[in-house]
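Everything on this sheet refers to the single structure shown next.
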Amino acid sequence: MDTKSIVYIALFAALTAALGLMPPISFAGLALPPITAQSLGVMLAGSIAGARRGGLAMLLFIALVAVGLPLLAGGRGGFGVFAGASGGFLLAWPISAAVIGYLIGRAPAAGFTLMAPMIAFGGIIVMYAVGIPWMAAVAGLPLTKAVTIMLAYVPGDLVKVILATIITRGVRRAYPAL
Amino acid sequence: MIEIKNVTLSYGDRTVLRDISLALSEHRIAIIGANGSGKSSFARLLNGLVLPTTGDVLIDGQNTRTHGKDIRQKVGFVFQNPDNQIVFPVVEEDLAFGMKNLGFPKEDIRRKTDEILARYDMSDLREHPAHLLSGGQKQLLAISGVLVMEPAYIVLDEPTTLLDLRNKRRVTEAIHALDQTVILASHDLDLLQDFDRVIVFDDGRIIADDRPENAIPYYIESMS
Amino acid sequence: MIEIKNVTLSYGDRTVLRDISLALSEHRIAIIGANGSGKSSFARLLNGLVLPTTGDVLIDGQNTRTHGKDIRQKVGFVFQNPDNQIVFPVVEEDLAFGMKNLGFPKEDIRRKTDEILARYDMSDLREHPAHLLSGGQKQLLAISGVLVMEPAYIVLDEPTTLLDLRNKRRVTEAIHALDQTVILASHDLDLLQDFDRVIVFDDGRIIADDRPENAIPYYIESMS
Amino acid sequence: MLDLYSPGTSYLHRLGPGPKILTMMLGGTGLFLFDSLPIACAAFIAIAALYPVAGLTAKQAWAQIRPLLWIFAIFFALQWWLSGLTTAAFVVIRLAALILLASLVTLTTRASDMIDSLTHALGFLRPFGANPAKIGLSISLALRFIPVLAQITQEVREAQKTRGLERSVIATALPVAIRTIKMADDISDAIEARGYRP
Ligand SMILES: Nc1ncnc2c1ncn2[C@@H]1O[C@H](COP(=O)(O)OP(=O)(O)OP(=O)(O)O)[C@@H](O)[C@H]1O
Ligand SMILES: Nc1ncnc2c1ncn2[C@@H]1O[C@H](COP(=O)(O)OP(=O)(O)OP(=O)(O)O)[C@@H](O)[C@H]1O
Ligand SMILES: O=C(O)CCCC[C@@H]1SC[C@@H]2NC(=O)N[C@@H]21
Ligand SMILES: [Mg+2]
Ligand SMILES: [Mg+2]
């Protein structure tokens, strides 16, 4: 792996951490995953850094969280968070970023209407597919109930998809060679 | 008229401006001083980007604490590092950004963009990615982006460091041709020859405040 | 000896260096020219950070296309913005970075760190956080970080732009004291008085290549 | 939060990064396993007491928590409303303890030492094709970038304010992204120019 990849991986892990400084919206105490700006970091890692770099950036991020650095929104960290309702989502982050990166890598010049669904697929569908069953298991909820709860997160996630798409397209115009 | 009243500025426990009081009414005013003496911090006070820790900054009687937004329309600011100032990916868009925010009509924006690009020989860079310009080109873009907004006061923080001779001359001429009040922080003493007033900072204090023919030699002396 | 053979460099469809051929063997060589004329791009060719679109760059006979890594040991590079070349948070660690990469033994690293810190009067900054240094100190740290690697050639791209008089004097003295071959790109013509050779770029071409007493006036003339 | 190395010669400074990271892992996990206010309080006090031991000031400790204060306030209010005062106090004290602990590690450990011991500890990953030295460098860069990103965001906000736009998510996020990528490219050039062989 070249130096640039190492720097980009570090950068997107740091970006996701920095987005944790935005206050999350939490429900039911911390028994449910918070609505957090950090999943925007996941989308950008995939859409700007690409499948490999983006996926590894998120892997680095969750590894740093696991060793106890307080990088999750609100200053949380440690192995404990993986055992909580958020655990599945966190584990999905590297996968989501990689999927987004892969899709966009196939159509780098995609317009808004093509790129946004790609980011939504990786950043919402894939993420929820891993996160919801985990949450249901941890919180002892029936799957249908867990799905219903997650509907509350969709509007926020759609906003993030739109932001990620606009930012990615802007960055690609500023860096045609990216 | 800019009034600075008993201003102190601290970042955490580090005090970078100590009890400064000034009234600035001349046409061209320069701020000089060693690295880290507080020039940029002082400049940022003038349009309310930074608020004083104690004391007040008044622009035409308005306090930066309460009228930040109005004051920023009046006081244009060119940053020391042009990378900080370029907001949009493409040269043309970036130039238009400030004018759009002030609600200029479309044709005006177009005309002024053409004018300023031609003035600095950058017409063929209209569609160039702004962040991939050479250092000097970026600096010209940063200055242009503020000039097109036609503010009443212009604060420039070392605007010529990366420029070649010709562009430096152009920017110097542009600065001299401004009808507005100009406040310029710079290490380039050549720029200041016909300024009306030169203020010398040292460690957050004013150690000289005089006409250039007195203040500049004093500063050179203090640096050796 | 650095040889540049029929080098052309393009970014996309924009050609920024046009058929340059040169052999550089003097002790101190300066590159000057207008903004956007290709100085930084040229400098980056010399240690293989950028590869020519056509043609070759040879350092002591090695091609930058094939021996990039060896060449980067031989050709140190100091960038314009020191913030982006400080890799580690603490002064001492940052100095050690290049030497570790070259596999220097621990004691050597220690000794050379001491030496270079003493040379630039920075011994008490050994444990200082690098990002809190003043502009001049950062630039000296950047130069030191390259010098400790003992490169045979040192390329500097506008290393004095943001410095005050005193810091500029220190960095200038540091550059003049170097035993290595120095290649310096700068708009600051005062730096170049006792250089051996001055190359003037214009729009990707060399328009003059001579001793400073001839090349500098030529450049000034061409800019007016 | 997570400030970088602060020079010193205390026992904690001299202790190898391995034990410190291990303690942080165990501490972080432990704090989440035991849902009890007294334990969280005890941990908070014990960790805070290590700051003077490491020659760090109360001011430095406070600086770690300060950026998150308003988030804590939100958590506290929400928990108070949902589950009562005790739980609210517990959640916030636990978070504060975790942050102080992790910051204590970053404040007393040099990035280069951290990389060296990670390179050593992660040696077992080599057969799987991972290069521990690269992982070490990426971790240290990531920690370095967090405050830089906050600073760049601040600078971009200032720049657009001066150009007449007080607040806009896109006009902030886009230039921040572009500038950070420019910075990443420059740093990557600087790393290579200093002989780094990945
Ligand atoms: N955001 C900040 N947080 C903490 N300290 C700061 C900040 N900005 C500036 N400083 C410190 O304030 C002091 C004054 O800085 P300032 O940038 O105003 O100096 P300056 O006179 O413009 O220097 P230069 O000539 O190098 O541009 C310096 O010691 C600097 O380190
Ligand atoms: N990565 C890049 N992609 C596209 N164009 C670039 C890139 N880097 C530089 N350029 C363009 O190449 C030309 C030469 O740039 P370069 O930075 O070499 O000029 P320079 O002589 O160093 O100028 P300055 O004195 O302003 O620093 C400029 O027109 C610039 O816009
Ligand atoms: O514990 C955390 O801090 C975050 C866990 C993940 C939250 C998920 S990511 C997808 C969904 N969208 C949100 O805003 N939050 C959840
Ligand atoms: Mg300054
Ligand atoms: Mg240049």
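Worth saying up front: this structure is predicted, and the values here are computed from it rather than measured. The chains referred to below are lettered A, B, ... by the order of the sequence lines, with proteins before strands, and numbering in each begins at 1. Every heavy atom of this structure was used, including side-chain atoms; hydrogens, water molecules and symmetry mates were not.
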Are the side chains of [Y] and [X] in contact, using a 4.5 Å heavy-atom criterion?
| X | Y | result |
| --- | --- | --- |
| B:Pro52 | B:Leu9 | no |
| B:Val57 | B:Ile59 | yes |
| B:Ile32 | B:Ile199 | no |

Dump the table of donor-acceptor contacts under 3.5 Å between chain A and chain B, or return none if there are none.
{"unit_1": "A:Arg173", "atom_1": "NH2", "unit_2": "B:Glu93", "atom_2": "OE1", "d": "3.2"}
{"unit_1": "A:Arg173", "atom_1": "NH2", "unit_2": "B:Glu93", "atom_2": "OE2", "d": "3.0"}

Exercise. So, the side chain of A:Tyr8 versus the backbone of A:Ala45: is there a donor-acceptor pair under 3.5 Å, distance only?
Worked result: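 Looks like no, no N/O pair under 3.5 Å.
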Exercise. In terms of the angle between their ring planes, are A:Tyr128 and A:Phe89 parallel, tilted or perpendicular, with boundaries placed at 30° and 60°?
Worked result: perpendicular
Problem set entry | Heavy-atom closest pair, residues A:Gly41 and A:Leu19 | N-CD1, 3.4 Å
